[in-house]
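Comments concern the structure below.
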Amino acid sequence: MKTSLKERLALDSRVAKVLISLVICVALYPFLGKYIVYPTYVFNAIYITAQLTKGATYKSSMERILGTIVGGLTGVVFYFIVPDHHFFMIPIATTIAVLWGYLFVGKFTPVMAVITVMVLVGKGEGEPVLYINNRMLDTLIGLVIGFLVYSLYPKKKTEMNRVFYDHAKACLTHIEKIRMKYQSKKDLHDDLLVAWKALQVLKEERMTIVNDSSFVPKVEDAEPMLSLIHDLEQMLHNLEILYHHPISGDAEVGLKEAIAFHEQTLDRLFEKISSEIKL
């Protein structure tokens, strides 16, 4: 697979958004410094919640906000239940914080457990409520900056779909290697399994793109991806047939014609897809 210099130097859009957001944070700090008590949490909110798609970024941000609130409240409650021995409450409070994560977001949410522990170890220096208030404010500042950059970041279709087409190239390259193995009469079983799994991942990526308006405004705009996936799937079907129906010297004429048809279809689809994704 050939990679152009432009592709090698291209910066992933997620990384670019994080870098721009962090630069804005540094530039604004002299003006917002009196409101930002913990600058690290501003940065954390940006690079932890920034995802490839708008939907994923929103979901991660909501989890961050909810985790900060719930984890902070859990820590504060246990801090005041046993004010003189709150260190002993850490195991119990952390367990409850982990359970909150599964209850509210259906999975382990690290920020809930982390904030609970930080409150109980005295991160707020005896003022846990003030600590949570400041941390929440810093988190919100980071999220606002991150969302602002996200909304203004140029949404070039070719750039946003780059990950999908990079993976499509990898799938086609793997399928071509399988075809070479078929011609050398080697075992294809494991390679075909890997190829089918990669194609399933590609299908899921397309659905993520279709369901996220930050990529394409209409489903129709993603239909070239569907066509590409269909062609890759057809190539795998052809290989499956060729692998499971090896031709022998005394094979019937009809079988030989069928094998020739699938081999020609493989060649045609490879040339077509290579041209489409510029392999």
Side-chain angles (χ1 to χ4, degrees), residues 12 14-15 17-151 208 212:
D12 184 274
R14 178 182 181 274
V15 176
K17 293 169 189 174
V18 170
L19 290 177
I20 294 172
S21 299
L22 293 180
V23 169
I24 293 176
C25 283
V26 173
L28 292 179
Y29 186 74
F31 307 98
L32 298 176
K34 62 179 180 179
Y35 303 107
I36 301 176
V37 181
Y38 304 106
T40 301
Y41 301 142
V42 178
F43 294 159
N44 287 348
I46 292 173
Y47 67 73
I48 290 177
T49 59
Q51 303 295 322
L52 187 60
T53 69
K54 182 168 63 178
T57 300
Y58 176 79
K59 180 180 179 182
S60 180
S61 299
M62 291 300 100
E63 289 178 2
R64 187 78 182 177
I65 294 173
L66 182 63
T68 301
I69 295 174
V70 174
L73 291 177
T74 302
V76 169
V77 168
F78 279 92
Y79 187 95
F80 287 114
I81 287 177
V82 188
D84 298 325
H85 304 284
H86 44 261
F87 282 97
F88 296 109
M89 293 289 100
I90 291 178
I92 300 175
T94 303
T95 300
I96 292 177
V98 171
L99 293 176
W100 285 142
Y102 284 103
L103 177 63
F104 288 111
V105 297
K107 65 178 183 179
F108 172 61
T109 309
V111 67
M112 290 188 186
V114 170
I115 293 181
T116 299
V117 172
M118 294 182 75
V119 170
L120 293 177
V121 298
K123 179 66 176 178
E125 298 179 350
E127 296 289 342
V129 177
L130 180 60
Y131 166 73
I132 295 303
N133 179 71
N134 291 334
R135 174 154 184 165
M136 189 66 197
L137 178 61
D138 295 340
T139 297
L140 289 175
I141 291 174
L143 293 179
V144 168
I145 294 174
F147 271 118
L148 180 63
V149 171
Y150 195 102
S151 62
T208 298
D212 194 298

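Small disclaimer: the values here were computed from a predicted structure and weren't measured.
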Please give me the minimum heavy-atom distance between [X] and [Y], naming the atom from each residue.
X      : Y      : result
Arg64  : Asn44  : NH2-CB, 3.5 Å
Ala113 : Thr94  : CB-CG2, 4.1 Å
Ser21  : Gly146 : OG-CA, 3.8 Å
Asp138 : Val42  : O-CG2, 3.4 Å
Leu22  : Phe43  : CD2-CD2, 3.4 Å
Ile145 : Cys25  : CD1-SG, 3.5 Å

Notebook entry, point to check: Ignoring hydrogens and geometry, is there a side-chain-to-backbone donor-acceptor pair from Asn134 to Leu130 under 3.5 Å?
Noted result: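 It does hold such a pair.
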Would you give the length of the straight line joining atom [atom1] of [X] to atom [atom2] of [Y], rounded to the nearest 0.5 angstrom?
X      : Y      : atom1 : atom2 : value
Ile115 : Tyr131 : CD1   : OH    : 6.0 Å
Ile92  : Thr74  : CD1   : OG1   : 13.0 Å
Thr40  : Arg135 : OG1   : CZ    : 9.5 Å
Thr116 : Met112 : OG1   : CE    : 9.0 Å
Ile46  : Ser61  : CD1   : OG    : 10.5 Å
Ile48  : Leu143 : CD1   : CG    : 10.5 Å

Item checked: CA sep, side-chain torsions, deciding dist, call: Val70, Thr109, side-chain contact (heavy atoms from CB on, under 4.5 Å) -> CA-CA 11 Å; Val70 174; Thr109 309; over 6 Å; no
Check: Do the non-hydrogen side-chain atoms of Met62 and Leu66 ever get within less than 4.5 Å of each other?
Finding: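 No; the side chains remain at least 4.5 Å from each other.
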Next item on the list: State which residue, out of Leu120, Val114, Val121, Val119, fulfils the side chain to side chain contact (heavy atoms under 4.5 Å, CB included) condition with Val117.
Entry: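 Testing each of Leu120, Val114, Val121, Val119 against Val117, the sole residue satisfying side chain to side chain contact (heavy atoms under 4.5 Å, CB included) is Val121.
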Notebook entry, point to check: Does the pair Leu137 and Asn133 meet the rule for a side-chain contact (heavy atoms from CB on, under 4.5 Å), with working shown?
Noted result: CA-CA 6 Å; Leu137 178 61; Asn133 179 71; 5.6 Å; no
